[in-house]
Engineer: 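If you scroll down you'll find the structure; I have some questions about it.
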Amino acid sequence: MTNSDTKAILTFSDGSAPLEMPIYKGTVGPDVIDIRKLYAATGMFTYDPGFMSTAACNSAITYIDGDKGELLYRGYPIEELANQGDFLESCYLLLNGELPDAAQKLEFDYTVSRHTMVHEQMQFFFRGFRRDAHPMSVLVGTVGALASFYHDSLDINDPRHREVSAIRLIAKMPTLVAMAYKYSIGQPFVYPKNNLSYSANFMHMMFSTPCEEYKVNDVLVRALDRILILHADHEQNASTSTVRLAGSSGANPFACIAAGIACLWGPAHGGANEAALSMLESIGSVDNIPEFIRQVKDKNSSVKLMGFGHRVYKNYDPRAKLMRETCYEVLAELGLENDPLFKLAMALEKIALEDEYFVSRKLYPNVDFYSGIVQRALGIPTALFTGIFAMARTIGWVAQWKEMISDPEQKIGRPRQLFIGEKTRSVKPIEQR
Ligand code: SDX
């Protein structure tokens, strides 16, 4: 971060004293105006609901160019990472800032695989849930509960504790997501296997039973691994900002990640892939698209084109392009090239991209538009889609949490408000109200 030669001068039409504020430059992307002295100097706050124009922190992890449709993890384009490496390689990169060499990759994979089991008592948490509980409710509960087993690594100011917690969270999320699935279908939990890759291990824990081992299909495992890479991190999105805010109070990492899972659950955020697939199923056929688009445009209806639009991308989400490619690969591998839902999704995308309503609002498909179709083809139930997103985003949350803890500028997050309620008034006795 460097000081710009340009300053920001805030002037007031009533002749109040102007305020000069420094402008900082990052390595790429928009500059920032440092407003930290604004309240002390003027007695006023800035007002920015939804933080449309607010940078809450500085970060070196992920950069999005919304106009170009670019996504970089530590400077590397997502396309190269998704096509050349695996998810754990991206995990190492996001966590440490550099790609691993062969020895570092081997050690990282070994370390993560040896932390994939959860404490045997964790299984008793599941019994408290209804079998049809939404997996995200189970994950919020069980990830938060991990803190009750790891008193040896909860000191957030100890770098070694932060490292151990990071590995435990990356390693145990697939185990907990698979356990949530097995619990929902009444099958026994399947233990992880250390001789399988991260994504193959997840598919094993999801689809093996005591009666029959899951046969690893490399195309399907590769597709899942790519889904995880594409969802790993994404700047200061709602759930990452939730994790940072929770972490700013000194809460332990397991509690912070549980808070991130809770935020990700929302249909405007990580719940969009589940909502997008439900939307495609409710549209049903290409013939129904015009009527559906009409409803989306009708301001009186709350209908949205799920899987479209983004706060930052005002061009095609690069992850959506890669996800569409993965769709082709998986459906071809499974002989489902004519999958009606995929055909419907492509027809809907084509119509939307030619419609002035979406073009004028720069609404393009985002990562969630196709990810549901791929996951459905992999045999993952719709209700678990956001759980997979949480499994992938755990590395992003943990990397951002670690960066925040070690940022000397960081302090507890405590936004202010514009108060529009009642001025001071006295309580009247109830008989006088
Ligand atoms: C993710 O932040 C991240 O990085 C998130 C994420 C990540 O990796 O962490 O990328 C993951 O959450 C992707 C987004 C998934 N959500 C959806 O697909 C849900 C549908 N999309 C919308 O809810 C919406 O586009 C948001 C929430 C994603 C973005 O909303 P914004 O930036 O607040 O934009 P907006 O709601 O102000 O929309 C601007 C206009 C509005 O119309 P007008 O009032 O100007 O007439 O576009 C319209 C909106 O009504 N609009 C849509 C729409 N999205 C926006 N209209 C129809 N369908 C949509 N999907």
Side-chain angles (χ1 to χ4, degrees), residues 29 48-56 59 61-67 69-73 78 82 90 94 136 227-244 260-280 283 289 292-323 345 348-349 351-353 355-373 385-386 388-397 399-400:
D48 186 17
F51 310 119
M52 304 281 280
S53 301
T54 296
S59 178
I61 300 175
T62 295
Y63 177 69
I64 302 168
D65 185 320
D67 294 326
E70 275 178 359
L71 170 57
L72 307 177
Y73 289 167
I78 191 68
S90 285
L94 288 166
M136 290 299 274
I227 288 173
L228 300 181
I229 294 170
L230 296 180
H231 287 80
D233 194 43
H234 216 239
E235 285 192 5
Q236 306 309 317
N237 58 84
S239 53
T240 298
S241 301
T242 301
V243 170
R244 278 182 171 259
I261 294 171
C263 177
L264 187 74
W265 193 356
H269 187 15
N273 51 21
E274 179 179 351
L277 196 83
S278 305
M279 173 191 75
L280 290 170
I283 294 172
I289 291 178
F292 180 77
I293 295 282
R294 188 196 62 73
Q295 289 172 32
V296 168
K297 293 177 184 175
D298 175 2
K299 281 298 168 202
N300 299 319
S301 90
S302 59
V303 176
K304 283 196 180 285
L305 188 51
M306 300 312 281
F308 266 68
H310 199 277
R311 174 61 58 75
V312 179
Y313 288 123
K314 299 310 173 191
N315 196 325
Y316 215 101
D317 180 338
R319 303 170 298 177
K321 279 182 193 152
L322 291 160
M323 199 54 75
L348 184 57
E349 178 191 45
I351 291 169
L353 293 182
D355 187 306
E356 189 278 334
Y357 178 92
F358 298 99
V359 173
S360 63
R361 289 170 176 76
K362 298 183 183 297
L363 299 177
Y364 293 90
N366 58 49
V367 66
D368 295 300
F369 188 61
Y370 285 103
S371 70
I373 299 170
F385 288 176
T386 311
I388 305 287
F389 194 152
M391 183 167 101
R393 187 52 56 87
T394 293
I395 177 55
W397 290 330
Q400 299 269 353

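In this chain, residues are counted from 1 in sequence order. Order of appearance sets the numbers: ligands from 1, and atoms from 1 within every ligand.
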Engineer: Just jot down the side-chain hydrogen bond (donor to acceptor under 3.5 Å, both in side chains) partners of T54, sequence neighbours excluded, or say none.
Structural biologist: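 Testing T54 for side-chain hydrogen bond (donor to acceptor under 3.5 Å, both in side chains), a comparison that skips the adjacent residues, returns D48.
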
Engineer: Parallel, tilted or perpendicular, judged at 30° and 60°: which one describes the rings of H234 and Y313?
Structural biologist: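 H234 vs Y313 ring planes: tilted.
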
Engineer: Select all protein residues for which some heavy-atom-to-ligand 1 distance is less than 4.0 Å, and list them by chain and number.
Structural biologist: H234, N237, P267, A268, H269, A272, V296, K299, K304, L305, M306, G307, F308, G309, H310, R311, R319, Y357, R361, L363, N366, D368, F389, R393

Engineer: Does atom NZ of K297 have more than 12 heavy-atom neighbours, drawn from other residues, nucleotides or ligands, at distances under 6.0 Å?
Structural biologist: yes

Engineer: I'd like to check the side chain to side chain contact (heavy atoms under 4.5 Å, CB included) partners of Q236; sequence neighbours left out, ordered by chain and number.
Structural biologist: C57, S59, T240, S241, R244, Q400

Engineer: My understanding is that only residues two or more places apart in sequence, or in another chain, count here; which of them pass side-chain hydrogen bond (donor to acceptor under 3.5 Å, both in side chains) with T386?
Structural biologist: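 So T386 forms a side-chain hydrogen bond (donor to acceptor under 3.5 Å, both in side chains) with N273.
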
Engineer: Determine the sole option in I351, L305, L353 for which the side-chain contact (heavy atoms from CB on, under 4.5 Å) test with F358 is passed.
Structural biologist: L305

